[in-house]
Protein chains: 2
Amino acid sequence: MANQLSLSIDRSSPVPLYHQVVQGIEAAIHSGILEPGSRLDNEIDLAAQLNLSRPTMRKAMDELVRAGLLVRKRGVGTQVVASQVRRPLELSSLYDDLSNNGKKPTTEVLSFSHVEADALTLTALQLPAGSKVYHFTRLRKVGGKPLALMENWVRDDITSMDEAQLSKEGLYAILRRGGVNFRLASQRIGAMIANDYQAPLLEAEVGSALVTMERTAVDDTGRMVETGHHVYRADSYSFEMTLVQR
Amino acid sequence: MANQLSLSIDRSSPVPLYHQVVQGIEAAIHSGILEPGSRLDNEIDLAAQLNLSRPTMRKAMDELVRAGLLVRKRGVGTQVVASQVRRPLELSSLYDDLSNNGKKPTTEVLSFSHVEADALTLTALQLPAGSKVYHFTRLRKVGGKPLALMENWVRDDITSMDEAQLSKEGLYAILRRGGVNFRLASQRIGAMIANDYQAPLLEAEVGSALVTMERTAVDDTGRMVETGHHVYRADSYSFEMTLVQR
DNA sequence: AAAGGCAGTATGTCCTATCAAGAGAACATG
DNA sequence: CATGTTCTCTTGATAGGACATACTGCCTTT
């Protein structure tokens, strides 16, 4: 049917053209201008409508396909998938997640030290023997309710940090300000039973269910920057994600 | 430095050139020929060495960057990141995961019915009122040990299935054979305590920790194909994934 | 000797072109 | 009327060129 979306492309903007197209189509989908299931014009026409070359148009659509918003079929066309799926799991901190949702997280630093890393940490962060790391545990609450108990180890040769900073903002915000560009993280999500140490801090019963996460984050130079072991109250937190088939 | 990798590109192969390059570099990294941290030649030289155009070379490297194996910096070059990170979480079934790891999973179908969907399922699968679905629960064991208890609802207008099939192979294999091309899935991972029903089936104590997963899968036409609620023994299973910053 | 600017190099963006391949409909033929 | 072929539409793959921009290190200048 040829859904001709009228996007405005600003060629003087520093934002790459293909990205402007991505944003435009994304907005059109989320606002309902492009309905789920509807077919888009073919690449060539779309490119012509926006006065772009086909490769540029394709690059934009590529991103949207990867994001799971569009589906392309050779010989057929491109259509909007967009069930109300969430954004694929991104590399963000819990603090960011909560802040973005309008909640006001508070952080209580339970312990903080700058010590020589133990063997496990040396391995996890791939540091030479004798390296020092920041080691701290934090309790995160939202609306006064405990949500997460977090233990982290951070290499100390990137940026310095102290207890006061950690109680004011998220770890990732501090590291990013220190010049760290996160590239990837590997994490493992599981479950466990609250023990005598965790339960009172999280204001939960001993024996109640906790979600566990272990994560190691890598920056764009390949350095392992941070590793941590977090536990969350299962009744208040779960991991949502969208998987895209490639 | 200039690490000149000698890949062989087969122009008569049906495999796209850029993908051959992806596979080649991937293999070189995993086999250690390309060491973590080492720099690659620049795109233009690499393209010349392999007799490819720069866009083709770039497309290959794009994929590797997205996969988290390479890092590019404008004005600097491209280097291998590749800490021993795992492949990003993919849209696969537990059965596939286990089979690929050399395990031999067995499936016991605890219940199977073809019934009218209840309100919750209608919503989850976005089906019109009165639609029928397959509803079944399965117990998956590995090496005789119970691992997962799975309850699923599958729309019936795609392919038919029965108890015998489900006990022989994974749900996703059946659906794929029925012509379903999965595109994306949204899932939520959390934790809970084993109850009186789950514990004996999983041969675990009542009150032990379970990992829970709820998933809804969408095919390439935007149809919600399947939704399910699974629980896993926390001592035998966890979700590993790699997040890539984009 | 320190600071600033400049050039070189690499990736980032964007363009024009062309051929290949899959899907589906129209059409011709037995 | 059924079936197989062909034609057309659309995405997929590849090439090659031009210009923009970020980073590094060297060189000049102060």
Side-chain angles (χ1 to χ4, degrees), chain A residues 1-4 7 9-23 25 38-66 69-81 179 181 183 219-221 246, chain B residues 1-4 7 9-25 38-66 69-81 179 181 183 220-221 246:
Chain A
M1 264 304 91
N3 223 317
Q4 72 168 13
L7 309 173
I9 301 296
D10 177 6
R11 296 191 88 94
S12 67
S13 160
V15 178
L17 301 182
Y18 70 85
H19 200 251
Q20 293 184 37
V21 176
V22 168
Q23 293 174 324
I25 297 183
S38 65
R39 270 222 319 287
L40 266 63
D41 278 349
N42 68 57
E43 301 173 349
I44 308 207
D45 287 354
L46 276 178
Q49 285 168 33
L50 300 175
N51 277 100
L52 298 172
S53 71
R54 190 181 160 210
T56 302
M57 195 65 218
R58 269 182 75 75
K59 179 154 188 181
M61 295 173 85
D62 271 348
E63 285 205 15
L64 291 162
V65 167
R66 259 187 283 122
L69 294 178
L70 297 181
V71 171
R72 287 197 284 200
K73 273 190 200 152
R74 192 192 292 201
V76 179
T78 306
Q79 43 175 190
V80 181
V81 153
N181 295 306
R183 215 19 52 128
D219 80 353
D220 59 0
T221 63
R246 277 171 298 201
Chain B
M1 280 291 106
N3 223 317
Q4 73 168 14
L7 309 173
I9 301 296
D10 177 7
R11 283 184 168 274
S12 66
S13 160
V15 178
L17 301 181
Y18 71 86
H19 199 252
Q20 293 184 37
V21 176
V22 168
Q23 292 173 326
I25 297 183
S38 64
R39 269 222 322 286
L40 266 63
D41 278 348
N42 68 55
E43 301 173 347
I44 308 203
D45 288 353
L46 276 178
Q49 285 169 33
L50 299 176
N51 275 102
L52 298 172
S53 69
R54 189 181 164 211
T56 302
M57 195 65 216
R58 263 184 81 72
K59 182 156 186 178
M61 297 174 85
D62 271 348
E63 282 206 17
L64 292 162
V65 168
R66 259 187 285 123
L69 294 178
L70 298 181
V71 172
R72 289 195 284 201
K73 273 190 200 153
R74 192 192 295 204
V76 180
T78 305
Q79 50 177 183
V80 181
V81 152
N181 295 306
R183 219 14 59 122
D220 60 359
T221 64
R246 278 176 290 204

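Proteins get letters first, then strands, A, B, ... in listed order; numbering begins at 1 in each. Just so it is clear, the values below take in all heavy atoms, side chains as well, and ignore hydrogens, waters and symmetry mates.
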| query | Whole-Å distance between D/dC23 C1' and B/Q79 CD? | reply | 13 Å

Can you check nucleotides 8-10 of chain C for protein contacts, nitrogen or oxygen pairs under 3.5 Å, and list what you find?
| residue | atom | partner | partner atom | Å |
| --- | --- | --- | --- | --- |
| C/dA10 | OP2 | B/N42 | ND2 | 3.1 |
| C/dA10 | N3 | B/G75 | N | 3.4 |

| field | Rounded distance in Å - CG (B/D62) to C1' (D/dA13) | value | 15 Å

| query | Between B/L64 (CG) and C/dT11 (P), how many Å, whole number? | reply | 14 Å

| Side chains of B/I9 and B/N51: does their closest heavy-atom pair fall under 4.5 Å? | no

| How far does the helix from C/dA1-D/dT30 to C/dG30-D/dC1 bend, going by the axes of its first and last five pairs, to the nearest 10°? | 0°

| Does some side-chain heavy atom of A/V81 sit less than 4.5 Å from a side-chain heavy atom of A/L70? | no

| said: A/Q79: which residues meet the side chain to side chain contact (heavy atoms under 4.5 Å, CB included) condition with it, sequence neighbours left out? | reply: A/R39

| request: Report the distance from atom CZ of B/R58 to atom P of C/dC14, rounded to the nearest whole Å. | output: 11 Å

| said: Taking side chain to side chain donor-acceptor pair (under 3.5 Å) as the definition, give me every residue that meets it alongside A/D219, ordered by chain and number, with sequence neighbours left out. | reply: A/T221, A/R223

| query | About how many Å separate CG of A/L64 and NZ of A/K59, when rounded to the nearest 0.5 Å? | reply | 13.0 Å

| With a 4.5 Å heavy-atom cut-off, do B/M57 and B/L17 have their side chains touching? | no

| Quick one: does B/E63's side chain have a donor or acceptor within less than 3.5 Å of a partner on B/H19's backbone? | no

| query | Hey, are A/Q49 and A/D41 close enough side-chain-wise for a donor-acceptor pair under 3.5 Å? | reply | yes

| query | What's the spacing between B/L52 CG and B/L46 CG if we round to 0.5 Å? | reply | 9.5 Å

| request: Using atom CG of A/L40 as one end and atom P of D/dT10 as the other, report the distance to the nearest whole Å. | output: 12 Å

| Separation of atom CD1 in A/I44 from atom C1' in C/dT18, rounded to whole Å | 11 Å

| Quick one: does B/Q23's side chain get under 4.5 Å of B/V15's, heavy atoms only? | yes

Can you pull every protein N or O that's under 3.5 Å from an N or O on nucleotides 14-17 of chain D?
| residue | atom | partner | partner atom | Å |
| --- | --- | --- | --- | --- |
| D/dT14 | OP1 | B/L17 | N | 2.4 |
| D/dT14 | OP2 | B/L17 | N | 3.4 |
| D/dT14 | OP2 | B/Y18 | N | 3.4 |
| D/dA15 | OP1 | B/R11 | NH2 | 2.5 |
| D/dA15 | OP2 | B/S53 | N | 2.9 |
| D/dA15 | OP2 | B/S53 | OG | 3.0 |
| D/dA15 | OP2 | B/T56 | OG1 | 2.7 |

| task | Could you tell me which residues satisfy side chain to side chain donor-acceptor pair (under 3.5 Å) with A/R72, sequence neighbours excluded, listed by chain and number? | result | A/E43, A/D62

